[in-house]
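Here is how names work: the chains are called A, B, and so on, in the same order as the sequence lines, proteins then strands, and each is numbered from 1.
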Amino acid sequence: MAHNLSEGSLEIIMNGGHYDKPIMQVLGSKKIQGSGANERFRLLVSDGKHSHSFAMLATQLNDKLITGELSDYSVVQIDRFVTSLLKNTGKGEKRVMIILDITILTPGTEVGKRIGNPQTWTEETAGSAPAQPAMQPVPKPAPSPKSMAKPAPTANMNVSMNSSMLSTQMTHPIASLSPYQNKWVIKARVMNKSAIRTWSNARGEGKLFSMDLCDDSGEIRATAFKNECDKFYDMIQVDKVYYISRCQLKTANKQYTSLKNDYEMTFNSDTVVAECTEDASSLPTVKYDFVPINTIAEKSPDTIIDVIGVCKSAGDLQELTAKSTGKLLKKREVMLVDSSGGAVTLTLWGNEAEKFEGSTNPVILAKGARLTEFNGSKSLSYLASTMLRLNPDLPEAHKLRGWYDNGGADMDIVNISAKSGMYTGGSNEWITFAEAESRQLGSGEKGDYFSLLGVLTFTFSENAIYKACPQEQCNKKLVDQENGLFRCEKCNREYPNYKYRLLLGANVSDPTGDQRITAFNEAAEAMLGRSAADVGQMFDYDKAGYAQLFEEVKFRTFVFKFRTKMETYSDETRLKTTVMNAQPVDYKDGNTRLIKSIKEITGVEV
DNA sequence: CCCCCCCC
């Protein structure tokens, strides 16, 4: 197979010229910094004549390397790139190429060898190369942004370029910024802007706001303190594009951001920000990486994720006092659902909790919400840096609206945030009913907890729902006074209203046995995929639907967390097993466990 | 220079 590399293109690019979609061969790659989501790779590329390790892969293309798609010897077409001059201590300047888009023409495994005999490109080679290749268009002076308060820094402006590249070439890619180089201008879109926060600690006090910026090459967080906070807060607007220069760069603390950049920037008194008034539609807009709600349970706690869902219900505003700080907190729990059939609780705090209005079932978009785990179930928490948007004008949002209003509202859901409130931990191990029996779980004084992968083989629909005391903390079954009032023996009061709660009896089986179990309200909601209120509604008005629901849930598989204890009724002693928590199966986790046990049983490496 | 992001 013929591989026509763009011989000589590397030389042109290294001299600051532009070459449209050069075809090159990848000869090697090297991780230059970061790990996980923050890795950045450098490539050794060849155009057949020269080779050079000056190419950096934009982080959004990392996957191609990691998955092996972009293997050594691959022949690629570089569809989009920018170059930038970096100050190289003591050695003048060094040009880097940031690859933004790439098409793999022939996989490395098919090429299998180096093409031609490329020579390593060096400064000496550069000296012998023409400074301005003849094929380049006439250089154009770079227009400086009109509204800049100070003249835009003009460092590194390379004027040999075609007009479509002009604005990109004028500015520096975000991915190329580092603390070692301070003469740059970026052209970036504001993806997110925080509210102004104040702080006060031993080192002083002040206020700040932060913003997340992006361009073709990557993203970065910028923070403005005190004076700069006042100066720029009103000016900076989400979705707008700005030229920004003269900021301090420092290493980002990964604990507090999910942005793909090892650095973050701080505005200082020299910082220049000017709105870009030209067409900036080529710059990426806010990027969302929506996680389907039914897969949120598979993610690790403390992950920052983007989610979009319909607010199915919203709790009341709750006030509570933080035990650790004594601070008065306000929170509101909102239940989000999407067409994946999952439901998750999003907890709003403070101002956001106070002003939230969920009665119209708005579509809620939360970018950068934190996944938290409590008592074995997962939910989302709103952070200061979370971007919350109600009914955003996005295709995903319109789709969800349509789904919800056309039957989605009545869809069976599995609430991954369902909690029992009683679960006190226990081993993370899955065992079987046979193992539970052989370990004599439940025979002790305190009861035992265990987890198991099981199938719901039968559910008892009779008496699965009851009218409970409407008081927040009291779930006592009410006595119908037959006069429109219901009596709570615990509160010693009569109420005209009640709330429905579930108390579900069922059989759970695994390959080694089965067990009659009881699931209280939240666990039962997770198993039935319906809220107690919904089930109560069906019980009252749709008996057939109610019966159907209990049929449908049969043979669903869950990861159950049980509490089991021997109890004696009159003369009979038997195990009473309660479902603390029923979660949908995370098959990735399930397979890991399976592989581990295959290894243990067979001694064979899988 | 923040970096707390809460509670059950």
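Residue A/Leu383 contributes atom CG, which lies 13 Å from atom P of B/dC3 at whole-angstrom precision. Protein atom CD of A/Gln318 is 13 Å distant from nucleotide atom P of B/dC7, rounded to whole Å. Atom CG of A/Leu328 is separated from atom P of B/dC8 by 13 Å (rounded to the nearest Å). Look at CD on A/Glu352: it is 15 Å from C1' on B/dC6, rounded to the nearest Å. The distance from atom CG of A/Leu348 to atom P of B/dC6 is 13 Å, rounded to the nearest whole Å.
Comparing B/dC3, B/dC7, B/dC1 by their nearest atom to the side chain of A/Thr347 picks out B/dC7. For A/Asn201, counting side-chain heavy atoms from C-beta on, the closest listed nucleotide (B/dC3, B/dC8, B/dC1) is B/dC3. Considering only the side chain of A/Glu228, B/dC1 comes nearest among B/dC2, B/dC7, B/dC1. Proximity note for A/Arg370 (side chain, C-beta onward) versus B/dC1, B/dC6, B/dC7: the nearest is B/dC6.
Taking the ring axis of A/Tyr288 as reference, the NZ or CZ atom of A/Arg389 does not stay both within 45° of it and closer than 6.0 Å to the ring centre. The cationic atom of A/Lys231 (NZ for Lys, CZ for Arg) does not lie both less than 6.0 Å from the six-membered ring centre of A/Phe267 and within 45° of the ring axis. Taking the centre and axis of the six-membered ring of A/Phe41, the NZ or CZ atom of A/Lys31 falls outside the cone set by 45° and 6.0 Å.
Contact annotation for A/Lys330: no contact, since no heavy-atom pair falls under 4.0 Å across all strands. Counting any heavy atom pair closer than 4.0 Å across all strands shown, A/Lys207 reaches no nucleic acid atom.
Using a 4.0 Å cut-off between a side-chain N of Lys or Arg and a carboxylate O of Asp or Glu, A/Arg487 and A/Glu489 qualify as a salt bridge. At a threshold of 4.0 Å, the pair A/Lys207-A/Asp230 counts as salt-bridged, since one of the basic side-chain nitrogens sits closer than that to a carboxylate oxygen.
One finds a side-chain N or O of A/Ser381 lying less than 4.0 angstrom from the OP1 or OP2 phosphate oxygen of B/dC6. For the OP1/OP2 pair of B/dC3 and a distance below 4.0 Å, the side-chain nitrogens and oxygens of A/Arg221 include no atom meeting the criterion.
Nearest-nucleotide positions on DNA chain B for A/Phe267 and A/Arg197 put A/Phe267 closer to the 5' end.
Residue side chain A/Lys331 does not reach the base of B/dC6 through any donor-acceptor N/O pair under 3.5 Å, judged by distance alone. A donor-acceptor contact under 3.5 Å links the side chain of A/Glu264 to the base of B/dC3.
A stacked arrangement is not assigned to A/Trp199 and the six-membered base ring of B/dC1, the conditions of a centre distance below 5.5 Å and an interplanar angle below 30° not being jointly met.
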